[in-house]
Amino acid sequence: MILPPDFYARATLDVARDLLGKVLVYRAQAGAASGVIVEVEAYIGEDDPACHAAAGRTARNVPLYGEPGRAYVYLNYGLHHLMNAVTEREGHPAAVLIRALQPLEGRALMRRRRNRAPWRAGKPPVADHDLCRGPGNLTRALGITLDDNLCSLSRGPLTIRDLGHARGTVAWSSRVGIRVGTDRLWRASVAGHPSVSRPSPEPRAQSPKP
DNA sequence: CGTTCGATGCACT
DNA sequence: GTGCATCGAACGT
């Protein structure tokens with residue numbers, strides 16, 4: 001049920017593809033919350049300019065160099081926690097960023113946490129398919145914080161499981177939200193799923209108008 | 001529809 | 001001091 005560390009100790013693009021359809025589960029004091037993974041991105045090695053390891057080992061990115069099957073959580077833009085699953089093997093920095101979930105368990109709890117964000121004060125409740133749409137939104141919905149950095153994804157409290165959900169049709173596209181390394185088609189998503197954070201960018205073809 | 005921009009904290013140079 | 005693996009509101013067309 002719970003994916004073993006060996007699942008993550010493989011080529012990162014294979015792990016990324018195979019994470020689609022798996023279930024991210026977080027058991028917190030406030031209750032359990034979970035969702036089916038529908039969108040991920042791979043960040044692979046010091047040669048990948050968008051990978052946090054691009055400039056070598058630093059205080060922040062040590063989890064990327066550690067054992068596969070652990071969480072790498074960091075704060076970005078000062079307000080959003082982003083969660084990765086570390087892959088490959090020790091000394092080979094790589095990870096899969098979890099970008100979107102289809103909510104399963106604990107939707108009321110997720111909605112409470114989402115609406116607690118300062119910028120959502122007085123707004124209508126978040127629709128189900130938007131609860132975990134986007135990497136910052138899903139960590140807020142599940143309550144994932146820096147305390148979960150380096151957590152073993154096989155031992156919890158943050159785990160990833162195979163609960164027999166279908167994977168759907170996998171669509172590969174360019175990674176989003178980055179300014180370098182956009183040529184690599186390292187984003188995998190479930191085609192047409194309403195919780196996918198953004199559509200695939202149109203290929204910038206320079207064709208004359210019809 | 002589209003693009004721009006502020007909020008916000010911290011790692012890194 | 002600079003620049004983010006974001007979000008969502010505020011604009012312009």
Side-chain angles (χ1 to χ4, degrees), chain A residues 12-13 15-17 19-20 24 35 37-66 70-88 93-101 103 110-150 158 171-189 194-202 204 209:
Chain A
T12 303
L13 292 178
V15 177
R17 176 200 60 213
L19 279 174
L20 297 180
L24 185 63
I37 298 171
V38 299
E39 181 186 353
V40 297
E41 282 176 359
Y43 291 87
I44 310 174
E46 297 180 345
D47 292 335
D48 174 5
C51 182
H52 280 182
R57 197 186 299 241
T58 67
R60 177 177 65 166
N61 68 26
V62 279
L64 289 176
Y65 290 81
R70 289 186 178 272
Y72 169 46
V73 181
Y74 70 96
L75 183 64
N76 106 126
Y77 290 105
L79 23 136
H80 305 292
H81 296 289
L82 269 58
M83 184 239 157
N84 300 255
V86 176
T87 60
E88 305 274 349
V96 175
L97 170 70
I98 311 297
R99 287 193 56 92
L101 312 175
M110 293 181 186
R111 191 167 288 108
R112 254 193 321 277
R113 290 183 176 130
R114 286 292 310 279
N115 285 336
R116 195 182 300 157
W119 55 86
R120 291 210 61 86
K123 312 293 277 281
V126 182
D128 268 21
H129 70 276
D130 286 333
L131 283 171
C132 299
R133 177 178 174 186
N137 286 336
L138 78 88
T139 55
R140 180 170 286 272
L142 267 58
I144 296 170
T145 69
L146 286 180
D147 290 343
D148 302 302
N149 192 27
L150 286 171
L158 184 58
W172 290 97
S173 62
S174 152
R175 295 174 293 181
V176 297
I178 54 174
R179 306 162 87 99
V180 290
T182 51
D183 53 314
R184 300 168 197 217
L185 302 183
W186 286 355
R187 178 169 77 142
S189 60
S195 291
V196 170
S197 65
R198 307 200 216 166
S200 307
E202 286 293 330
R204 281 280 133 183
K209 301 208 168 209

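Naming convention: chains lettered A, B, ... in sequence-line order (proteins, then strands); numbering from 1 in each chain.
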| request: Name the nucleic acid region contacted by A/A117, choosing base, sugar-phosphate or nothing; use a 4.0 angstrom heavy-atom cut-off, strictly under. | output: nothing
| said: Going by centres under 5.5 angstrom and planes under 30 degrees, do the aromatic ring of A/W119 and the base ring of C/dG8 stack? | reply: no
| Is there a side-chain contact between A/M110 and A/C132, using heavy atoms and a 4.5 Å cut-off? | yes
| request: Could you provide the dot-bracket string of DNA chain B, using ( ) for intrastrand pairs, [ ] for crossing pairs and | for bases paired to another strand, with Watson-Crick or G-U pairs below 3.5 Å? | output: |||||||.||||.
| Minimum-distance nucleotide to A/R99 side chain [options: B/dA7, C/dA5, B/dA11] | C/dA5
| Is it true that atom CG of A/D47 has more than 12 heavy atoms of other residues, nucleotides or ligands lying nearer than 6.0 Å? | no
| remark: Which of C/dC7, C/dG8, C/dC4 is nearest the side chain of A/H80? It is C/dC7
| If you round to the nearest 0.5 Å, how far is CZ of A/R198 from CD of A/E39? | 9.0 Å
| task | Could you tell me the separation between the CZ atom of A/R179 and the P atom of C/dT6, rounded to a whole number of Å? | result | 11 Å
| request: For side-chain contact (heavy atoms from CB on, under 4.5 Å), just list the numbers for A/R111 and A/D128, CA-CA rounded to whole Å, side-chain angles, deciding distance to a tenth of an Å, and then say yes or no. | output: CA-CA 8 Å; A/R111 191 167 288 108; A/D128 268 21; 2.3 Å; yes
| said: Rounding to an integer number of Å, can you tell me how far A/R175 CZ sits from C/dT6 C1'? | reply: 16 Å
| query | Is A/N61 near enough to B/dA11 that one of its side-chain N or O atoms lies under 4.0 angstrom from OP1 or OP2? | reply | no
| task | May I have the distance from A/R198 (atom CZ) to B/dG2 (atom P), rounded to whole angstrom? | result | 13 Å
| message | Roughly how many Å apart are B/dT8 and C/dA10, using the P atom of each and rounding to a whole number? | response | 15 Å
| request: Ignoring the backbone of A/N76, work out which of C/dG8, C/dT6, B/dT13 is nearest its side chain. | output: C/dT6
| task | Round to the nearest Å and state the distance from A/E39 atom CD to C/dT6 atom C1'. | result | 13 Å
| Considering only side-chain heavy atoms of A/L79, which listed nucleotide, C/dG8, C/dA5, B/dA7, is closest? | B/dA7
| query | Under 4.0 angstrom, heavy atoms only, what part of the nucleic acid is A/R114 near: base, sugar-phosphate, or nothing? | reply | sugar-phosphate
| remark: Quick note, A/A55 side chain, CB onward, closest among C/dC4, B/dT13, C/dC7 is B/dT13
| note | Closest to the side chain of A/L75, out of C/dA5, B/dC10, C/dC7, is B/dC10
| Among A/N76, A/I98, A/I144, the one residue meeting side chain to side chain contact (heavy atoms under 4.5 Å, CB included) with A/L82 | A/N76
| Interatomic distance where CG belongs to A/L131 and P belongs to C/dC7 [whole Å] | 13 Å
| query | Counting only side-chain N and O atoms of A/R60, is one of them less than 4.0 Å from OP1 or OP2 of B/dC10? | reply | no
| query | What integer number of Å spans the C1' atoms of B/dC10 and C/dG8? | reply | 22 Å
| field | Integer-rounded Å distance: C/dC7 P and A/L138 CG | value | 9 Å
| Should A/Y43 and A/R184 be marked as a side-chain contact (heavy atoms from CB on, under 4.5 Å) after you check the CA-CA gap, both sets of side-chain angles, and the distance that decides it? | CA-CA 10 Å; A/Y43 291 87; A/R184 300 168 197 217; over 6 Å; no
| message | Whole angstroms only, please: what is the CG-P distance between A/N84 and C/dC4? | response | 17 Å
| task | Rounded to the nearest 0.5 Å, what's the gap from CG on A/L146 to CE on A/M83? Could you check? | result | 13.0 Å
| Just how far, in rounded Å, is P of C/dA5 from CD1 of A/I144? | 19 Å
| query | Any chance the side chains of A/E88 and A/T12 put a donor and an acceptor closer than 3.5 Å? | reply | yes
